Amino acid sequence: QLDNTQVAVAASSFAAGEDGSVDITLRDANDNDVEEDRTRDLVVKMIPSSTTETSRTFASTDDSSASGTGGAVRIAWSPTALKHVVSFNIPAAGEYRVAVYLGGERVGGTSASNAEFTVTAGDPDASATSVVGAGSTSATANSPASFHVVAADRYGNRRTSAHATITPAVHVSVTVPGSTFGACGAVDVVQSPTIVWNSARERYDVSYTPT
């Protein structure tokens, strides 16, 4: 019984799609280390704490050849450190716990806090970010208008906090119907709409006043 198996995640948090690692030291109830390669018998799972319809467990038994897209969990033996090193790359944001199985039986690491980690949304990606709100399609001259930017990373994970260095660049173009500048009307670009991060709604609020 490898009851004292140690599981140590390299960090407490990773961005979605970022490479991470876990050190696994197989250890019995008498604190004797198993100093041999047991890669063929090991299965490592990253189990989400959430049980929503979109939550998913990532495991070393998955067919995950495309790192960073479908998720990847791989086990390797370190002959110098005499431990197993698990590399992973998870695209889905959430909180995870590392579960280790040897020969189909779960070993150690069931309650240790260092067997847990969080995957957060990565950098905002324009292709996954959405714009919502009435002010994105229509507005009244000299009246305040607004809409919202919901930022998400390339995997579709919605950001729950403002990015430290990346802020949406928003340009509002107003078309005036029936103008003499052609069928599409004249275009007046509002140069400086106000952009504010709304922490309660986890989005950017954009406001402007067309003239």
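Bear in mind the structure is a predicted one, so any value in this text is a computation, not a measurement.
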Compare all side-chain heavy atoms of [X] with those of [Y] and state whether any distance is below 4.5 angstrom.
X      : Y      : answer
Ser143 : Thr209 : no
Glu202 : Arg158 : yes
Arg56  : Asp62  : yes

Within the distance-only criterion (no hydrogens, no angle test), does the side chain of [X] pair as donor or acceptor with the backbone N or O of [Y] below 3.5 angstrom?
X      : Y      : result
Arg203 : Val132 : no
Ser60  : Val44  : yes
Ser78  : Ala81  : yes
Tyr101 : Lys45  : no
His84  : Ile75  : no
Asp33  : Glu35  : no
Ser50  : Ser55  : no
Asp125 : Arg154 : no
Asp3   : Asp28  : no
Asn157 : Ala93  : yes

For the hydrophobic clusters of this structure (ILVMFWY residues joined by side-chain heavy atoms under 4.5 Å, transitively), does one cluster hold both [X] and [Y]?
X      : Y      : answer
Tyr208 : Val131 : yes
Val34  : Val7   : yes
Val98  : Leu102 : yes
Ile195 : Trp197 : yes
Val85  : Phe88  : no

Compare every heavy atom of [Y] with every heavy atom of [X], then report the nearest pair and how far apart it is.
X      : Y      : answer
Ala15  : Val119 : C-CG1, 4.2 Å
Gln6   : Arg27  : CG-NH1, 3.3 Å
Gly17  : Tyr155 : CA-OH, 3.4 Å
Ala152 : Ala128 : CB-O, 3.6 Å
Ala16  : Asp153 : CB-OD2, 3.5 Å
Thr140 : Pro210 : O-CG, 3.4 Å

- prompt: Among pairs that include at least one residue of residues 79-93, which meet salt bridge (charged side-chain N to carboxylate O under 4.0 Å, His left out), considering only residues two or more places apart or in two chains?
  reply: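 Non-adjacent pairs meeting salt bridge (charged side-chain N to carboxylate O under 4.0 Å, His left out): Asp23-Lys83.
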
Quick one: pull up [atom1] in [X] and [atom2] in [Y] and give me the separation to the nearest 0.5 Å.
X      : Y      : atom1 : atom2 : result
Met46  : Ile90  : CE    : CD1   : 5.5 Å
Leu82  : Thr80  : CG    : OG1   : 7.5 Å
His163 : Tyr204 : NE2   : OH    : 8.0 Å
Ser21  : Arg74  : OG    : CZ    : 14.0 Å
Asn4   : Thr25  : CG    : OG1   : 11.5 Å
Asn89  : Asp19  : CG    : CG    : 5.0 Å

- request: Give me the one residue out of Val100, Val107, Asn32 that meets side-chain contact (heavy atoms from CB on, under 4.5 Å) with Leu2.
  value: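 The side-chain contact (heavy atoms from CB on, under 4.5 Å) with Leu2 is passed solely by Val107 among Val100, Val107, Asn32.
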
task: Mind telling me whether Tyr96 and Phe117 have parallel, tilted or perpendicular rings, with 30° and 60° as the class edges?
output: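 Aromatic pair Phe117/Tyr96 classed parallel.
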
message: Before you tell me yes or no, could you show the steps for Val170 and Phe147 under side chain to side chain contact (heavy atoms under 4.5 Å, CB included), namely the whole-Å CA-CA distance, both residues' side-chain angles and the distance that decides it to 0.1 Å?
response: CA-CA 11 Å; Val170 179; Phe147 57 90; 3.7 Å; yes

